[in-house]
Amino acid sequence: MKIDRLIGILSVLLQREQVTAFELAEKFEVSHRTILRDMDALCCAGIPIVTEKGRNGGIRIMEGYKLDKTVLLQSEMQAILAGLQSLDSISGTHRYRQLMEKLSVSTAKTIPAEHPVLIDLSAWDSGAVSQKIEQIQAAMEQNCKISFSYFAPSGTTSREIEPYHLIFQWGHWYVWGYCDLRQDYRLFKLTRITDLQIEPEQRATRSVPAYTPDPMPPEEPAVPVLVRFSAAVKWRVMDDFGTEALQTEPDGSLLVSVCWQDLQALYWRLLAYGEQVEILEPPEARADFAEMLRKILKKYAETSGGF
């Protein structure tokens, strides 16, 4: 469409000091004469286009012209493209790279190697997640429902939802939509979804509320827990609990004071530290964790004939 091409040409002119008509014609797959007509259209729209003939000639926007605030500067375009590039890091179809190519003559020139912000959202299981993202995006574009099996701490359920948002928060991808089972809007973690299918049934016509990233209020009060780690795992403790909660002891060990709602989840996390961790308080949590360790030890004793 002509309007799309005009926006694309304007984007190029904002990022390049000068470009030739032949370059634009090749990029947008139109004739040289069409590009010249597009220049006339931009001039009629109030954009002062300057053309210069000759060996070093080309097309540019008049120097000193103040663009409307709704037009993006190169630095602003770089920020947008950095975000698009981050989305492309988890997409298997490179749809965002294709969009980036439409917005600029050269992505490498638009996002230089020394650009201060580079975002990579890919993960070790990015292949499985990206496939789900593509399916959910397709369902939203087609205005269709999706169905899947969902694994939660309370058990496995079959869900059918009207998807409205794909959300990256708390370090993971989620889909947010209206759940037929709960008759309300719910958030589902993509890594816990299996058997995802796009349903032929269309989404209902409803007034969709704005999504809020605030977590739901906890069902159980948080319990203050004091944990001691050996100095050898400080780097990992900083990843899991942050630096604010750390207190270094004279012997180099680390005390971490945290408030945790789901103690079972905390025990599972601490198991990854092996002998490098010890729960000090409260006594009930220390006893529960010790009981979990005894059960694990018993299982290995039974299968190996004892220790």
Side-chain angles (χ1 to χ4, degrees), residues 80-103 107 118-220 239-240 261-262 264-269 271-272:
I80 291 174
L81 294 183
L84 292 174
Q85 194 173 48
S86 72
L87 292 175
D88 204 30
S89 67
I90 52 86
S91 173
T93 62
H94 303 294
R95 64 165 65 191
Y96 300 103
R97 179 173 297 279
Q98 294 169 5
L99 176 56
M100 290 160 66
E101 290 173 352
K102 290 181 180 179
L103 288 173
T107 300
L118 299 175
I119 308 170
D120 188 348
L121 301 179
S122 60
W124 65 271
D125 59 345
S126 59
V129 171
S130 63
Q131 183 178 1
K132 295 173 187 176
I133 290 174
E134 291 299 322
Q135 285 182 274
I136 295 170
Q137 282 182 322
M140 290 190 291
E141 291 170 0
Q142 299 167 25
N143 202 34
C144 291
K145 288 185 174 183
I146 59 173
S147 63
F148 50 83
S149 295
Y150 193 68
F151 295 78
S154 57
T156 306
T157 55
S158 296
R159 302 294 183 105
E160 188 169 292
I161 73 167
E162 301 170 6
Y164 291 103
H165 294 297
L166 273 167
I167 301 164
F168 185 79
Q169 63 182 23
W170 308 314
H172 297 281
W173 281 97
Y174 298 81
V175 59
W176 182 83
Y178 187 84
C179 177
D180 289 350
L181 180 64
R182 303 303 184 200
Q183 293 292 293
D184 201 356
Y185 294 90
R186 290 290 187 269
L187 193 66
F188 300 92
K189 196 172 185 179
L190 295 197
T191 52
R192 298 180 183 175
I193 288 176
T194 62
D195 306 318
L196 177 63
Q197 299 290 333
I198 300 176
E199 299 296 329
E201 184 180 356
Q202 296 285 289
R203 295 184 296 195
T205 302
R206 64 175 80 250
S207 178
V208 181
Y211 170 76
T212 172
D214 296 332
M216 297 182 65
E219 299 176 358
E220 300 288 341
D239 285 343
D240 284 345
Q261 178 199 347
D262 186 352
Q264 192 70 32
L266 176 62
Y267 300 156
W268 291 340
R269 176 172 291 192
L271 281 174

What distance do [X] atom [atom1] and [Y] atom [atom2] have between them, rounded to the nearest 0.5 Å?
{"X": "Leu190", "Y": "Gln131", "atom1": "CG", "atom2": "CD", "result": "12.0 Å"}
{"X": "Tyr178", "Y": "Arg203", "atom1": "OH", "atom2": "CZ", "result": "14.5 Å"}
{"X": "Tyr174", "Y": "Arg192", "atom1": "OH", "atom2": "CZ", "result": "7.0 Å"}
{"X": "Ile161", "Y": "Trp176", "atom1": "CD1", "atom2": "CH2", "result": "10.0 Å"}

Hey, can you tell me if Tyr211 and His165 have their rings parallel, tilted or perpendicular (30° and 60° cut-offs)?
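Tyr211 and His165: tilted rings.
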
Parallel, tilted or perpendicular, as decided by the 30° and 60° cut-offs, for the rings of Phe188 and Phe148:
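Because their plane-to-plane angle is over 60°, the rings of Phe148 and Phe188 count as perpendicular.
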
Taking all non-hydrogen atoms of both residues into account, name the closest pair between [X] and [Y] and its distance.
{"X": "Val175", "Y": "Pro163", "answer": "CG2-CB, 4.0 Å"}
{"X": "Gln202", "Y": "Cys144", "answer": "NE2-SG, 3.3 Å"}
{"X": "Leu166", "Y": "Gln137", "answer": "CD1-CG, 3.5 Å"}
{"X": "Cys179", "Y": "Arg186", "answer": "CB-CG, 4.1 Å"}
{"X": "Tyr185", "Y": "Val208", "answer": "OH-CA, 3.7 Å"}

Are side-chain heavy atoms of Gln142 and Ile198 found at a separation under 4.5 Å?
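Yes. Closest side-chain heavy atoms under 4.5 Å.
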
If a pair satisfies salt bridge (Lys or Arg N to Asp or Glu O under 4.0 Å) and one of its residues is in residues 164-178, list it, with sequence neighbours excluded.
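Qualifying pairs, neighbours excluded: none.
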
Pairing residues for Phe151 by the ring pair (Phe, Tyr, Trp, His ring centres under 6.0 Å) criterion, not counting sequence neighbours
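For Phe151 there are no ring pair (Phe, Tyr, Trp, His ring centres under 6.0 Å) partners, ignoring immediate neighbours.
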
Okay, side chain of [X], backbone of [Y]: is any donor-acceptor separation there less than 3.5 Å?
{"X": "Tyr150", "Y": "Lys189", "value": "yes"}
{"X": "Gln183", "Y": "Asp180", "value": "yes"}
{"X": "Glu199", "Y": "Glu160", "value": "no"}
{"X": "Arg159", "Y": "Leu181", "value": "no"}
{"X": "Lys132", "Y": "Leu196", "value": "no"}

side-chain contact (heavy atoms from CB on, under 4.5 Å) involving Ala265 - partner list, sequence neighbours excluded
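Once residues adjacent in sequence are excluded, the partners of Ala265 under the side-chain contact (heavy atoms from CB on, under 4.5 Å) criterion are Trp260, Asp262.
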
